[in-house]
Amino acid sequence: MADLKDRVEGLRKAFEAEALKVGDAKSLEELRTAFLGRKKGHVTLLFEDLKTVPAEGKREAGRLINELKESVTVRLDAIEGQLSLAWPSVSGTSAEAKLDLTLPGRKKYVGAAHPLVLFQQEIENVFLGMGFTIEEGPEIETDYYNFEALNFPPHHPARDSWDTLYIKDDLLLRTHTSPVQIRVMEKKKPPIRIIIPGRVFRRETPDPTHLPMFMQIEGLVVDEGATFAHLKGTLEYFIRALFGEKIKVRFRPSFFPFTEPSAEVDIECIVCGGQDKSCRVCSGTGWKEILGSGMVDPQVLKNVNIDPEKYSGWAFGLGIDRTAMFAYGITEMRHFYENDLRFIRQFGAK
Amino acid sequence: MKISLDWIREFVTVDIPRQELLDRLTMIGLVADTVEERDGDAVLDLETYANRPDTLGHLGVAREIGAMLELSLKEKSWPLAELPQATTEIADVQISSENLCPRYCGLVVRDVPVGPSPDWLRRRVEAMGLRPINNVVDVSNYVLFATAQPIHTFDFGKIGGGKIVVRKAKRGETLKDLDGRTLELAADMLVIADESRPVALAGVIGGEASGITDATRDVFIESANFDPVSIRKTAKKLGLSTDASYRFERGADVGFAPQAALMAASLLTQMGGQASRGLIDVYPKPHKPKSVRLRLRRIAELLGVDVPESFVVEVLGRLGFRVEAAHKGSWRVEVPTFRVDVGREADLIEEVARFYGYDRIPSEFSPVRSFDLSVNRKRERLGRIRQTLLGQGFDEVINWSFADPEREAAAGSGLQPVDVQNPISSRASVLRTTLVPGLLENAAWNLNRGLEGVHVFELGNVFYWEGEKHREELRLGLVSTGLLPGAGWTSGPAETDFYVLKGALEALMEALRFEPFAFEERDHAYFEEGRALALLYKGQPVGCLGILRKSLAAAASVDRTVFAAEIDLTGLFEKTPKPFQYAPVPRFPGVSRDLSFLLDRGVAYQEIGKVLAKLNLPLLEGFELRDRFSGPSIPADKVSLTVRFRFRHPQRTLVAEEVDRVEQDIVGHLRSAMNIQLREGKIDNRTRAN
C-alpha cells in the first residue's frame with residue numbers, strides 16, 4: 001500500500017516535470033500517451049496493479065489513482081488550451097518567436113442598453129440612495145386618476161396643457177405619471193417616499209422637442225412636517241448629483257393644479273452658460289427649465305383621505321427624454337425612438 | 001399674454017431697469033418668453049397660467065408689479081358725458097339662465113361718430129398684435145386687454161325692440177358671426193338675443209348683423225360675467241377660441257363688470273358719444289366674498305421658513321386682499337373677486353411665498369423617518385432580464401406604444417386592439433398588441449442603414465380588449481437577424497440562427513430562476529409553419545419563438561431570415577419559482593463520457609431527456625450536446641450526435657466500472673426507446689486513447 005502511494009507521488013512529480021517541458025502539440029500527445037495511454041500509460045498500469053492490492057487497501061488506493069488520473073487529465077487539457085493560443089515554444093525575440101502583441105484584442109460583444117433606460121436608472125439611483133422606493137402604474141388610466149383626483153376640475157382650461165389621447169370617454173392614455181401618486185396614496189399611509197418612472201402620452205404634434213409619447217419620472221413625499229425647504233434641498237441635491245456640484249439651480253413660482261405652492265426648477269444652461277443670445281437650448285436666458293414641483297395640493301390629499309392638517313407633501317416631475325437631451329446635447333427627441341443602433345450603442349456599448 | 005410696459009405705466013410707476021424688472025417678474029412667476037421693441041415701448045410675451053385670468057390684462061399684471069415693488073396702483077378717473085335719459089328707458093336686459101350668466105351690465109352710448117381711433121388707442125391695439133378697426137371696436141379691445149374683462153359692443157339700432165335677453169339657444173337657431181361663419185347653435189349654448197333672435201354667442205363672439213359698422217350711431221356696451229364651463233363647452237364644440245372666450249373660460253372678475261362698461265362708455269363719450277344715464281346691472285345673486293383663515297404657524301409649517309407677520313399683511317394687502325387679524329397668529333383674509341384662483345389657506349401661502357421669494361426659502365434635506373423595506377420583485381427581475389440579454393449581445397430599443405391597425409392585423413397576435421379615439425395619425429390609431437412588428441421595423445431601419453445584423457429586445461406593454469375590459473400586459477420581445485456582432489480577426493462573421501435566440505431565452509429563464517422550463521413545438525401566427533416553439537413554465541405557455549413568417553418580413557422590406565420571440569412577463573411574473581437554495585460544491589471528481597450515435601431524423605433531441613428522466617440514474621449529473629452533424633458519411637435519414645454525459649457520486653470518487661455500468665444502461669434504454677445506433681469506435685472517455 002505504502003509502496004503504491006509512493007509510486008503515485010513519484011508519478012505525479014514526474015508528470016509535473018515533463019508537463020513543464022511541453023511546447024507543442026506533438027510533445028503534448030507524447031506526454032498524454034505516456035501517462036494515460038490505454039495499454040502502457042503509467043496511470044493505466046497503476047489501475048492494472050490495483051487488482052493485486054489487498055481488499056482492505058483497495059478503496060483508498062483506487063481513490064489515489066483516480067485523483068492522479070483526474071489531475072493529469074485536467075492539466076493536459078489546460079496545456080492543450082494554452083497551446084491553441086499559439087503559446088510560443090520558446091520565449092524570445094527571434095523573428096520566428098516574434099508575437100505581434102499589437103493586434104487588436106478579442107472582445108465579447110455586449111449589447112447596449114437604451115439611453116433613456118440608462119438615464120432613468122441614473123436618476124433612480126440618486127433617489128434610491130435617499131431612501132425613495134420605486135412605484136409604477138398602468139398606462140391606460142381613468143379620467144379620475146389622471147385628472148380629477150389631481151384637482152383638475154372637469155372642463156377646466158388647465159387640462160389644455162395636458163392634451164389627451166382618449167380610448168373611451170372615461171378612459172385615456174395617462175398624460176403624466178401623477179395618477180400613480182393617487183394610486184399609491186390610496187393604499188399606503190404616510191410616510192410615503194416614492195419615485196414613479198414610466199411612459200406617458202400626449203396629443204402633441206411631433207416636433208424636435210415634443211412627441212406623443214415620452215418618459216417621465218416623478219417623486220412624492222408625504223409626511224408630517226414635509227416642507228417646501230425639503231423640496232428645495234432634495235431637488236438641489238438631485239440636480240447636483242446629475243449635473244455636477246457647481247451647477248446653479250433656481251426655483252420660481254409656477255402653476256400645477258395638483259400642487260400649491262408650485263415651483264418650476266431651472267438650471268444654468270450648460271450649453272452656453274447664458275453667454276449666447278441665440279442659444280438653442282436657453283434662448284440666451286442662461287436658464288433651462290428642468291422640472292416642475294410643488295407642495296401637494298391639500299385637495300389632492302383630501303381626495304385620498306389623508307388629513308392635510310396633519311400631513312403635508314411635496315412632489316416633482318421631469319421628462320426623462322428632455323433632460324437626457326439637455327445632458328447629452330441631443331437636438332431631436334425622436335432619435336430616442338428611431339432605434340438607430342448607431343445612436344443607441346454610443347451610450348452603452350460600441 | 002402680450003404686456004406693453006408703456007401701458008403698464010398707466011396703472012403703476014415702473015422705474016427700475018428693464019432687465020431687473022424681467023428678472024424680478026420671473027421670480028414671482030411671470031416669465032417673459034420674448035421682448036419686442038416697439039417705438040419706445042417694450043412688449044413682453046408673458047407666460048400666464050390657467051388659474052390666473054387676472055393676469056390676462058394689464059391691470060392685473062400692474063397689480064403684481066405693484067406688490068413686487070411695494071408701490072400703490074395709480075388712480076385713474078373715467079369721466080362720462082351723460083344724457084338725461086336713463087339706460088332703462090332705452091334698453092331692457094333680462095337674464096333667463098341665471099346659472100350661466102351671474103351678472104350682466106350694459107348701457108347705451110348715443111351718436112358715436114364711428115371712425116378711426118386716435119393715435120394713442122391705435123398704438124395700444126397694435127401693441128397687442130391686432131389691427132385697429134374703428135374706434136368702437138378698438139375701445140372694446142382696449143378694455144379687454146387693459147382689464148381682462150371682455151366687453152362686447154352692439155349696433156343698438158339692430159337690437160330688435162331694444163331688448164337684450166340672455167338665454168339658451170333654441171333648437172335649430174343659427175347665428176352668422178362677426179367673421180361671417182354660420183354657427184349651428186345647440187340647446188345648451190348661451191346666447192345674447194334680442195326680442196326675436198340671437199345677436200351674439202355669449203362670451204364667445206358677436207353676430208354680424210348687430211356688429212358695428214360705419215353706419216352705426218348708437219352703441220350698446222355689454223359687460224357681463226358668464227359661467228366658465230358653459231363658455232368652454234360652447235367654444236370647444238364650435239371650434240372657436242376668442243380673446244373673450246379665453247378669459248371667460250378661465251373666470252372673469254364678476255365684481256369688475258360695471259367698471260369695465262363705464263370705462264368703455266367714458267372712452268366713447270370722449271370721442272363724441274353720449275352715454276345713457278345709469279348702468280343697467282342685472283346681478284340676481286351678488287357674489288359673497290370668500291373668506292379664508294390664514295395662520296402664521298401654517299406658513300412656517302408648509303414653507304419651512306418663518307415669514308414676518310408684517311410682510312404677510314403688507315403683501316396680501318397690496319395684492320388686493322383684505323386682511324383682518326382674527327386671533328393671535330391668525331387672520332381672516334377676504335379674497336377680491338378678481339382672484340378666482342384663491343379659496344384656501346394654501347393658496348394664500350403661495351402668494352406669501354411668491355413675494356417673499358422662493359430663493360429666500362432655505363434648502364434642507366428631506367428627513368427619512370422610516371424605510372419601506374418591501375422588495376420590488378418586478379424591478380429586480382427586469383434588471384436581470386436586461387443584464388442577461390445585454391450580455392447575450394442584444395441591444396435594447398424602445399418603440400411606440402401606438403401602431404398601424406393594418407400592420408397590427410397582419411402580425412396576427414389574435415388580440416383585440418384598443419383604438420385611440422383621437423389619434424395623431426391614422427397610422428398610429430391603435431395601441432400595439434405585440435412587440436414583434438416594432439422590433440421588425442427596427443431591424444429594417446438598421447439593415448437599410450448598412451448594419452449587417454440586428455439583435456434587439458424591448459420591454460414594454462401591449463394592450464388589448466378582453467370583453468369589456470382593457471388589458472395591459474408587460475412583454476419582452478426579441479428579434480435577431482443577420483450577422484452576429486463580435487466577429488474579429490480570429491473568428492469570422494457568423495450568421496444568427498434560431499438557436500441563438502433560443503439560447504438567449506434559456507439564459508433568461510435561468511437568470512430568473514424560472515426552472516425547470518420547457519419548449520414545445522407549437523405553431524403561431526407570427527411564425528412559419530413547423531418553425532415555432534412555445535416556451536412553457538409549470539406547464540403553461542408564457543411565450544413563443546420561431547422563424548418569422550416570410551410575408552411579415554417582406555412587408556417590412558427585410559429580405560433576411562428573421563428570428564423572433566415574445567414573452568408574456570405579466571403572466572410569467574405571476575408564477576412563483578421555487579425559492580433558491582444553494583447546493584454544496586462537489587467535493588469528489590466527476591467523470592465525463594462522450595457518446596456518439598446516430599439518431600433518426602424524425603426523433604427530437606429532447607426525447608433523450610425524456611427517456612433519461614424516467615430512469616433512476618443517481619450517478620448521472622447531467623448531459624450536453626457536444627456535436628451534431630449529418631453528411632455523406634451518414635445515412636440520409638439519420639443525424640450523428642455526440643453527447644457528453646457527466647457522472648458523479650456525492651460522497652466518493654467514482655470507479656471506472658460503475659460508470660461503465662451506468663453508461664451501458666443509458667445506451668440500452670436509448671437504443672430501445674429511440675433506436676439509436678452507437679458509432680463504431682466512437683466511445684470516447686476523455687482519455688482520448690481509443
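So that the names make sense, note that chain A is the first sequence line, chain B the second, and so on, each numbered from 1. Computed from a prediction, not measured in an experiment: that's the story for all the values here.
Once rounded to the nearest 0.5 Å, the distance linking CZ of F255(A) with CG of N51(B) reads 4.0 Å. The CG atom of L116(A) sits 5.0 Å away from atom CD1 of I398(B), with the distance rounded to the nearest 0.5 Å. If you take CG on L173(A) and CG on L431(B), they are separated by 5.0 Å, rounding to the nearest 0.5 Å.
Using a 4.0 Å cut-off between charged nitrogen and carboxylate oxygen, E135(A) and R379(B) do not count as a salt-bridge pair. By the 4.0 Å N-to-carboxylate-O rule, D160(A) lies close enough to R232(B) to be salt-bridged with it. Salt-bridge annotation for D359(B) and R252(A): absent, with no side-chain N of the basic residue lying under 4.0 Å from a carboxylate O of the acidic one. A salt bridge between E472(B) and R174(A) is absent, with no side-chain N of the basic residue lying under 4.0 Å from a carboxylate O of the acidic one.
Side-chain atoms of E396(B) come within 3.5 Å of backbone N or O of H114(A) as a donor-acceptor pair. At least one donor-acceptor pair closer than 3.5 Å links the side chain of R203(A) to the backbone N or O of P423(B). At distances below 3.5 Å, at least one donor-acceptor pair connects side-chain atoms of W489(B) with backbone N or O atoms of P104(A). The closest donor-acceptor contact from the side chain of K232(A) to the backbone of Y358(B) lies under 3.5 Å. The closest donor-acceptor contact from the side chain of N339(A) to the backbone of V397(B) lies at 3.5 Å or more, if one exists at all.
Looking only at heavy-atom pairs under 4.5 Å with chain A, the residue among P485(B), A50(B), S366(B), G304(B) that has the most is S366(B). Between chain A and the residues D33(B), L484(B), N461(B), the most heavy-atom pairs under 4.5 angstrom are made by N461(B). No other option in N376(B), N399(B), V418(B) has as many heavy-atom pairs under 4.5 Å with chain A as N399(B). Ranked by non-hydrogen atom pairs under 4.5 Å with chain A, the options D347(B), V229(B), L389(B), T653(B) are led by D347(B). In terms of heavy-atom pairs under 4.5 angstrom with chain A, the leader among R369(B), R354(B), K236(B), E301(B) is R369(B). Listed options G131(A), G62(A), P138(A) were ranked by heavy-atom pairs under 4.5 angstrom with chain B; first place goes to P138(A). Between chain A and the options I349(B), L451(B), V352(B), the largest number of non-hydrogen pairs under 4.5 Å is found for L451(B). Highest contact tally toward chain B, considering only E236(A), R199(A), K108(A), is held by R199(A) [criterion: heavy-atom pairs under 4.5 Å].
Using a 4.5 Å cut-off between heavy atoms, M295(A) touches chain B through its side chain atoms alone. When heavy atoms are compared at a cutoff of 4.5 Å, D372(B) approaches chain A by way of both its backbone and its side chain.
V456(B) and L341(A) get closest at one heavy-atom pair: CG1-CD2, 3.9 Å. Of all non-hydrogen atoms in W465(B) and L171(A), the two that sit nearest each other are CH2-CD2, 4.0 Å. Considering every non-hydrogen atom in both R193(A) and P367(B), the closest pair reads NH1-O, 3.4 Å.
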- Let me see the working for R652(B) and R59(A) under side-chain contact (heavy atoms from CB on, under 4.5 Å), right down to the final yes or no. CA-CA 10 Å; R652(B) 60 177 170 79; R59(A) 194 183 164 90; 4.0 Å; yes

- Task: Check the pair Y109(A) / D395(B) against side-chain hydrogen bond (donor to acceptor under 3.5 Å, both in side chains), numbers first and verdict last.
- Result: CA-CA 10 Å; Y109(A) 180 80; D395(B) 296 310; 2.5 Å; yes

- Message: Under the criterion side-chain contact (heavy atoms from CB on, under 4.5 Å), I'd like the reasoning laid out for F402(B) against M213(A): C-alpha separation, chi angles, the key distance, then a yes or no.
- Response: CA-CA 9 Å; F402(B) 313 109; M213(A) 180 185 98; 4.1 Å; yes

